[in-house]
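The first residue in the sequence is number 1, and the count goes up from there.
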Amino acid sequence: MDSLPRQQVKVGVPREEGQLHITFGKGGAREGAGRKGIGLTKKISLTLPEQVWDDLEAACQSKQISRSELIRQIILAHDPAAPARQEEASHEG
């Protein structure tokens, strides 16, 4: 019986508290690699009528964006301080 080729598995411990990095073969997690965060993530539970959820899902599909992105856009569009914060953040980074 032939056996599957053995792959080398690397387990890296991150510098900061978090998840282990497991890679197969070459490559691996690199500090600073990947998508940059756009802010602080907080989990919320939101209760809305079913028709509103249906409308949100339809809007997400037509704009080809995630539900989180659509809700973020709605909140920021109705937040009078948002433009000032966004301007301030663009000068920081």
Spatial distance of atom CD1 (I74) from atom CG (D79) [nearest 0.5 Å] = 13.5 Å

Out of curiosity, Q51 CD to D55 CG, how far, rounded to the nearest 0.5 Å?
-> 4.5 Å

Looking at CD1 of I71 and CG of L48, how far apart are the two atoms once the value is rounded to the nearest 0.5 Å?
-> 7.5 Å

Do L46 and L70 belong together in a cluster built from hydrophobic side chains that touch within less than 4.5 Å?
-> yes

Taken to the nearest 0.5 Å, the spacing of R67 CZ from Q61 CD works out to 10.5 Å

Group every Ile, Leu, Val, Met, Phe, Trp and Tyr by side-chain heavy-atom contacts under 4.5 Å, then state whether I65 and W53 land in the same group.
-> yes

For the residue pair K63 and E69, establish whether any side-chain heavy-atom pair is separated by less than 4.5 Å.
-> no

